[in-house]
Visitor: 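First, the structure itself, so that you have it in front of you.
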2 protein chains.
Amino acid sequence: MHEQSERFIERMGLQFESDGLPRTAGRIMGLLLIREDPLPLDAISRELGVSKGSCSMNCRLLESGGWAERVSFRGDRRDFYRVAPDLSLRSLDAAQGRVKAFLGILDDALETLPPDLDVGRRRIREVGDFHRFLLGELRGVRARWAAMEDRVSHSHDSLNTEMEAQ
Amino acid sequence: MHEQSERFIERMGLQFESDGLPRTAGRIMGLLLIREDPLPLDAISRELGVSKGSCSMNCRLLESGGWAERVSFRGDRRDFYRVAPDLSLRSLDAAQGRVKAFLGILDDALETLPPDLDVGRRRIREVGDFHRFLLGELRGVRARWAAMEDRVSHSHDSLNTEMEAQ
DNA sequence: TCTGGCGTTCAATACAGATTGAACGTTCCG
DNA sequence: CGGAACGTTCAATCTGTATTGAACGCCAGA
């Protein structure tokens, strides 16, 4: 493997780690981004020098988080993984989910915290106002990106949709 | 301390942890949000049952990350901490910073990766396009929130600006 | 019904990161 | 000059989490 590829893969690992995700998951994403075809589990394991078990765990994590997709090819019993085709929209959805979760904490606090903590409650309400604003903005961002992607995919077809995976 | 307060503080800790930050830092943020006045380090340590050293570390982390502010009062040698007054804008700036960092990785990869990885390079370019779009959107979000905050702070003064901290 | 290849699971292990508690430097006051 | 009250630092320790490697179940084909 090229030194440049390893560098990119390693940086993806660190990027994921700084977001609180396993470094190996980030490395796998880096590998999947670079490689042209979907990769089977054992190839990922071999190329990254990571045990099969860890690859299995991290690939399933990537799949459940919407980062990667599991695909199969007829005549081959193995599981292949590739980058999720709608990765960008997925990450926007995930961001919305995180904001919603935080809003849940704040709203619950406003309901349950005693009234004598009036300053604290007002502060929490302000933080909530911002995150409600943020949630609306995220919806707008999502819609705009979806519209742009739509327009582009009419002129030249997207990368993943032309692959024959079953 | 009320059970409801502890619940909120603990949830803030978990929220921070899911973002890859120390749980104690989140707990401190929860405490600072609830309490009316800025808190000295030893009060934080006592109320959270966390050692002074850990509080010192985490408070400085919060300060350097723009979450909290260190303030002092004349006649008192202690350091006090409170929630940063421009917390929302700060978090938007931090988000922009993270996107920029990731864009740096992607652009570097495009420069250094060999040309024969054309599919991978194209995929990386697509991810980069999305994040450049995201960066522009974030600027818009920031501007709109700043405008809203401005309009509001004209009618009734903000919380922190009326405190006499030196 | 076997055999081999595949993904998953799980207990043991390794490791990174947070916490502790004591030691230290500083500053302020008696 | 002490001495007390701070915040900081740092090595030792603890703890949660990721990784490993072997065992397992499953399925397809011989």
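Note on naming: letters A, B, ... go to the chains in the order of the sequence lines (proteins, then strands), and numbering restarts at 1 for each one. If you're wondering where the values come from, they're calculated on a predicted model, not measured in any experiment.
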Visitor: Which whole-number value in Å describes the distance from A/Leu61 CG to C/dT9 P?
Guide: 13 Å
Visitor: Expressed as a whole number of angstroms, how long is the span from A/Met57:CE to C/dA11:P?
Guide: 16 Å
Visitor: What pairs with B/Glu6 under side-chain hydrogen bond (donor to acceptor under 3.5 Å, both in side chains), at least two apart in sequence or on another chain?
Guide: none
Visitor: Could you state the CG-P distance from B/Leu21 to C/dG17, rounded to the nearest angstrom?
Guide: 13 Å
Visitor: Could you work out, with ring pair (Phe, Tyr, Trp, His ring centres under 6.0 Å) as the rule, every residue matching A/Tyr81, not counting sequence neighbours?
Guide: none
Visitor: From CD of B/Glu63 over to C1' of D/dT8, roughly how many Å is that when rounded to an integer?
Guide: 13 Å
Visitor: What residues form a salt bridge (charged side-chain N to carboxylate O under 4.0 Å, His left out) with B/Asp108, not counting sequence neighbours?
Guide: A/Arg7, A/Arg11
Visitor: Under 3.5 Å between N/O atoms: give me all the protein pairs with nucleotides 4-7 of chain D, atom names plus distance.
Guide:
| unit_1 | atom_1 | unit_2 | atom_2 | d |
| --- | --- | --- | --- | --- |
| D/dA5 | N3 | B/Arg77 | NH2 | 3.1 |
| D/dG7 | OP1 | B/Asp79 | N | 3.0 |
| D/dG7 | N7 | B/Lys52 | NZ | 3.4 |

Visitor: Distance check needed: C/dG7 P versus A/Asn58 CG, whole Å only.
Guide: 15 Å
Visitor: Identify, with sequence neighbours excluded, every residue that meets side-chain hydrogen bond (donor to acceptor under 3.5 Å, both in side chains) alongside A/Glu10.
Guide: A/Arg27
Visitor: Send over the distance from B/Phe16 CZ to C/dA18 P, rounded to a whole Å.
Guide: 13 Å
Visitor: Once you round it to whole Å, what is the distance between P of C/dC6 and CZ of A/Phe73?
Guide: 15 Å
Visitor: Quick one: does A/Trp145's side chain get under 4.5 Å of B/Leu134's, heavy atoms only?
Guide: no
Visitor: Could you check how far CG of B/Leu14 sits from P of D/dT17, rounded to whole Å?
Guide: 10 Å
Visitor: Please table the atom pairs, donor to acceptor, closer than 3.5 Å between any side-chain atom in residues 49-56 of chain B and protein atoms at least two apart or in another chain.
Guide:
| unit_1 | atom_1 | unit_2 | atom_2 | d |
| --- | --- | --- | --- | --- |
| B/Ser51 | OG | B/Ser54 | N | 3.3 |
| B/Ser54 | OG | B/Asn58 | ND2 | 3.2 |

